[in-house]
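Per chain, numbering begins at 1; letters A, B, ... match sequence-line order.
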Amino acid sequence: MAPLYQQHPIYVTNSLSGKKEELLPLKEGYLGMYVCGPTVYSNVHLGNCRTFLSFDMIFRYFRHLGYKVRYVRNITDAGHLENDADEGEDKIAKKAKLEQLEPMEVVQRYTVDFHQTLERLNFLPPSIEPTATGHIIEQIELIKEIIDAGYAYVQNGSVYFDVIKFNEDREYGKLSGRKLEDMIANTRELTAQSEKKAPQDFALWKKAEPQHIMRWPSPWGDGFPGWHLECTAMSTKYLGKQFDIHGGGMDLKFPHHECEIAQAEACNGETPVRYWLHANMLTLNGKKMSKSTGNNIYPNEIFNGSSPLLTRAYSPSVVRFFMLQAHYTSILDISESALQASEKGYLRLMDGLKRLETLDAGKNSDFDLKAWAANCYKAMGDDFNTPILIAHLFDGVKFVNQAQEGKMSLNASDLEEFKRLFKAFIFDVLGLLAPQQQSGNNKALDGAIQLLIDLRTQARGDRDFATSDRIRDELANLGVQLKDGKEGTTYSVE
RNA sequence: GGCAUCGUGGCCGAGUGGCUAGGCACAGCUCUGCAAAAGCUUGUACAGCGGUUCGAAUCCGCUCGAUGCCUCCA
């Protein structure tokens, strides 16, 4: 049988063209994807997670279709300058001083936090997770190439990218829709005298002041790499001079990704990325979450209910489901009422799945499984439209519920196929977990509740409603909901 | 100020020219010993103004409002 990816085309919104284009890999059956990872100088907040979640879902769908994917997501551990002025302080070094830690200790702490958080949200690990500090040599080599190509200049032990020179030969600003002339016209007066030739120029290598802790030797003296260089160095190393997909948060479009394009084009003469994908922001109170402004919410605060913005806890899968109910290119605002609505929807979906597992096959099929499956794939193929996919999944739930009431049925082979696809979309593609998978499967609890259900059924048979209602209500108080159906009683735990 | 995006019913959120996703909430009905769960049914939309079109939430213009980027940020 032909691989799934041959049957299900994917159209993606390419930020470079601003249009939806069919995704055609450089090499059939293979995909290279690079996503800008976090800067590990503080705990990862939920906004960060949304971007990585979007690409986790995309990665999962590629894999589901049978693509062999090399997914590279870096860890920025070399620190960035605090501002564009010459007297910058390394972000990580600053934090280290604050907490009396070695810079690499800071990096380690927050890298671990990052991994733990993503694991709770059921992320798949990327194929390669390279660090900036592990690729200093590659970055230095890249700078040499850019200098040799004539697009960079050395100044007092630092190296800068010559944007104006580059723009004479190529185009700077094509990703973000900016024109260099406009940028020059709009530049504010520089407060400090700069060693850069033009304000638009950006650092490839910065000279380290004596007090700067994070430093490496280079042909231009001791220093550290510029902000945009690591991604070019690592994406080139692991995916090649040209690769299929580059992703990241919308806020990185300019200048970060613009500079990546410039750096790569400066040494390779060809544009590095065929499809640029940008995930939109998660907002809180209508504003972007940000480490620096403090407008943010941390995943753990949601999972354990400690956030002052919430009245109780919400599970990682609910958070995941909430985010996947919006398209990844749309801004999404988080609120408790939105989380609550998502939680109910998520539980309904999971209930449907549980019922599907116990469904008996009928003689014939009243459900157009082929059309349903085609719609699911079409939704995902249309720029990974998970909200539409979820809508189709709810159509599936509706069918399952009707089937359980004996109103509809599926024949044996269709039922098996339906189960397989339904689970594939929920678990493999969306990456959700069943509620019991999150709290640890508990055989003792299940047995105990089953016993109570049996006792209640017996009491109801004896018309001893005082006893039966007591069992039902007391369990409800404990967060266990009993559901009477045609085929007997099931339960769900909050 | 420049560039870009967005403004959908009570709430969240899909939808790029005609056939009006989905979830949550609300109401009625069925089922039930009563409920819950489930099913069925119904309602309230496309910021405003103007234009293009036989026809616009969807295209164009203007106005108002919000957000992102222009300094690190997913």
Checklist line | Phe123(A) six-ring centre to Arg320(A) NZ/CZ under 6.0 Å and within 45° of normal | finding: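 Output yes; distance and angle both within limits.
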Item checked: Cation-pi check, Arg73(A) onto Tyr34(A) ring (under 6.0 Å, within 45° of axis) ->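 The answer is no, since Arg73(A) fails at least one limit relative to Tyr34(A).
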Do any side-chain nitrogens or oxygens of [X] fall under 4.0 Å of OP1 or OP2 in [N]?
| X | N | value |
| --- | --- | --- |
| Ser330(A) | rA14(B) | yes |
| Lys287(A) | rG68(B) | no |
| Arg460(A) | rU32(B) | no |
| Asn401(A) | rG39(B) | yes |

Distance check, [atom1] atoms only: [N] and [M], in whole angstrom units.
| N | M | atom1 | answer |
| --- | --- | --- | --- |
| rA56(B) | rG2(B) | P | 33 Å |
| rC31(B) | rA21(B) | C1' | 28 Å |
| rU53(B) | rG61(B) | C1' | 16 Å |

Margin query: Hydrogens and angles aside, do Glu129(A) and Asn74(A) bring a side-chain donor and acceptor to less than 3.5 Å of each other?
Written below: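 Looking only at side-chain atoms, Asn74(A) and Glu129(A) do not form any donor-acceptor pair under 3.5 Å.
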Item checked: Side-chain donor-acceptor pair present, Asn280(A), Thr329(A), cut-off under 3.5 Å ->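 No - no donor-acceptor pair under 3.5 Å links their side chains.
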Check: Can Phe465(A) be called stacked on rG33(B) when the rule is centres closer than 5.5 Å and an angle between planes below 30°?
Finding: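 Yes, the aromatic ring of Phe465(A) stacks with the base.
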Notebook entry, point to check: Which part of the nucleic acid does Asp333(A) contact within heavy-atom distance under 4.0 Å: base, sugar-phosphate only, or nothing?
Noted result: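 Sugar-phosphate only.
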Check: Reckon Ser176(A) touches a base, only the sugar-phosphate, or nothing at all at heavy-atom distances under 4.0 Å?
Finding: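 Sugar-phosphate only.
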Next item on the list: Identify, between Ile388(A) and Arg463(A), the residue whose nearest nucleotide on RNA chain B lies closer to the 5' end.
Entry: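 Per heavy-atom nearest nucleotide, the more 5' residue is Ile388(A).
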